[in-house]
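Here's the structure we're looking at; comments come further down.
Everything quoted here is computed from the prediction, not taken from an experiment.
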There are 2 protein chains.
Amino acid sequence: MRAKKRQRQSELQSLLDDNPFLTDQELAEKFAVSIQTIRLDRMELGIPELRERVKMVANDAYAKIKSLGEEALIGDLQEFVPGVRAVSSLDATMDMIYDRTMTVRAEHIFAQANSLAICLANSSEAVTVQASIEFLRPVYAGERLVCTATISKREEKRIYMEVTTSSNDAVVFAGKFILDISV
Amino acid sequence: MRAKKRQRQSELQSLLDDNPFLTDQELAEKFAVSIQTIRLDRMELGIPELRERVKMVANDAYAKIKSLGEEALIGDLQEFVPGVRAVSSLDATMDMIYDRTMTVRAEHIFAQANSLAICLANSSEAVTVQASIEFLRPVYAGERLVCTATISKREEKRIYMEVTTSSNDAVVFAGKFILDISV
DNA sequence: CTATAATTGTGAGCAGGTAATAATAGCCGG
DNA sequence: CCGGCTATTATTACCTGCTCACAATTATAG
């Protein structure tokens, strides 16, 4: 009996982990137990009710969408010298991690660099056209990534930049970006 | 009188737009009207109740987090020949867009390519160490991006890949990736 | 066989509503 | 100033998805 219960509770946990939108009713049917059993299980596992779970997801949404979503600049702008240099900082969080290696996924580091480059281009129509990038060492959650973009050359319709990202003074990323500013 | 109502309704609309978590009770207090007035306003504006609003935000979260968040592979795997080639497809949505140019942000295209490369590396410890990438033309919302990664060279601890992304048979992105598989 | 654990049932109550219906307040034109 | 209209407020019944408290039943291990 005890085994059955443990089994159900762990399944319940993972079920709700990747689908928080299930009612106690639905869960009871899935496990073929009474609704009260489900409620007791939730109590013991410290899982809040449907509405609270949904609220939590919704709140996370508000926070996470900012972590890599629609913001123009990924990270926080620290310094901005038009036509010369821009610096942004970004705190690496668990949301950015690749499970298998526990390291920050390359696209997040690229995103910080690329968005800073576009920001520094300071044109309403800047578009990244080329980049040569190096990820010098893996980054872990909790590190603060400071990214610096510097304009190295400027042509009529192109801007060349050097972008580097450091954590604790060690360079973790370096890249050369070419942006198009036709218009 | 009519002016007052219009004023209130438009304020209500924008209030709820950037904070969907307000109850009718709270709104009534904010506007110093009865709760029924708020309900009528919501009806006229077609704004659903708190719980529905929260649910919508939570659902968006689920969709958006997948758009560039925690998934191992960004896009859907279409083909996978271990050690040789992998193909994924990704539908460009409005969530991926840079407002100023209305084009898909480079990091999303990079993310699709990079995550496919890591997937193809098929090692529990693959890490991108270098990439030379080109964005050949801008991508707009609605396009279907088909990304192909091919292994071009394999060393003891490194994998070299060619990754290209096409939309309607035109190549929009091309890159050479070097991954580290030390372990 | 019995003590304990697990499960199920019941009833009250709550938040945040919908839906329907009715009463009241404010204003405007004639 | 009064009828008519819109806007607002009130009232009541009902809904979902719970919580909380308490009791009853069933299973099972010792």
What I want to find out is whether B:Lys55 reaches B:Glu52 closely enough, with some N-O distance under 4.0 Å, to be called a salt bridge. yes
Starting from C1' on D:dT26, measure out to NZ on A:Lys5 and report it in whole angstrom. 14 Å
Using a heavy-atom cut-off of 4.0 Å across all strands, would you classify B:Leu40 as base, sugar-phosphate, or nothing? base
Salt bridge flag under 4.0 Å for residues A:Arg85 and A:Glu79: yes
For B:Pro20 and B:Leu50, the nearest pair of non-hydrogen atoms, with its separation, is O-CD1, 3.5 Å
Measure CG/A:Asp41 against P/C:dA5 and give the value in whole Å, please. 16 Å
Considering only NZ, NE, NH1 and NH2 on the basic side and carboxylate oxygens on the acidic side, decide whether B:Glu44 and B:Lys5 come within less than 4.0 Å. yes
Measure CD/B:Glu44 against P/D:dT6 and give the value in whole Å, please. 12 Å
Using a cut-off of 4.0 Å between protein heavy atoms and nucleotide atoms, how would you tag nucleotides 18-25 of chain D 5' to 3' with B, S and -? BB------
Calculate the interatomic distance between B:Gln7 atom CD and D:dA7 atom C1'; express it in whole Å. 16 Å
Mapping B:Lys55 and B:Ala32 onto DNA chain D by nearest heavy atom, which one lands closer to the 5' end? B:Ala32
Please give, in whole Å, the distance from C:dC14 P to A:Glu52 CD? 17 Å
Is it possible for you to say whether B:Ile181 and A:Phe135 belong to one hydrophobic cluster, with membership spreading through side-chain heavy-atom contacts below 4.5 Å? yes
State whether B:Ser34 places a side-chain N or O below 4.0 Å from either non-bridging phosphate oxygen (OP1 or OP2) of D:dT9. yes
Could you state the CZ-P distance from A:Arg8 to C:dA6, rounded to the nearest angstrom? 10 Å
Report the distance from atom CD1 of B:Ile35 to atom P of C:dG16, rounded to the nearest whole Å. 9 Å
Verify, without hydrogens or angle tests, whether A:Arg100 (side chain) and B:Ser123 (backbone) share a donor-acceptor contact under 3.5 angstrom. yes
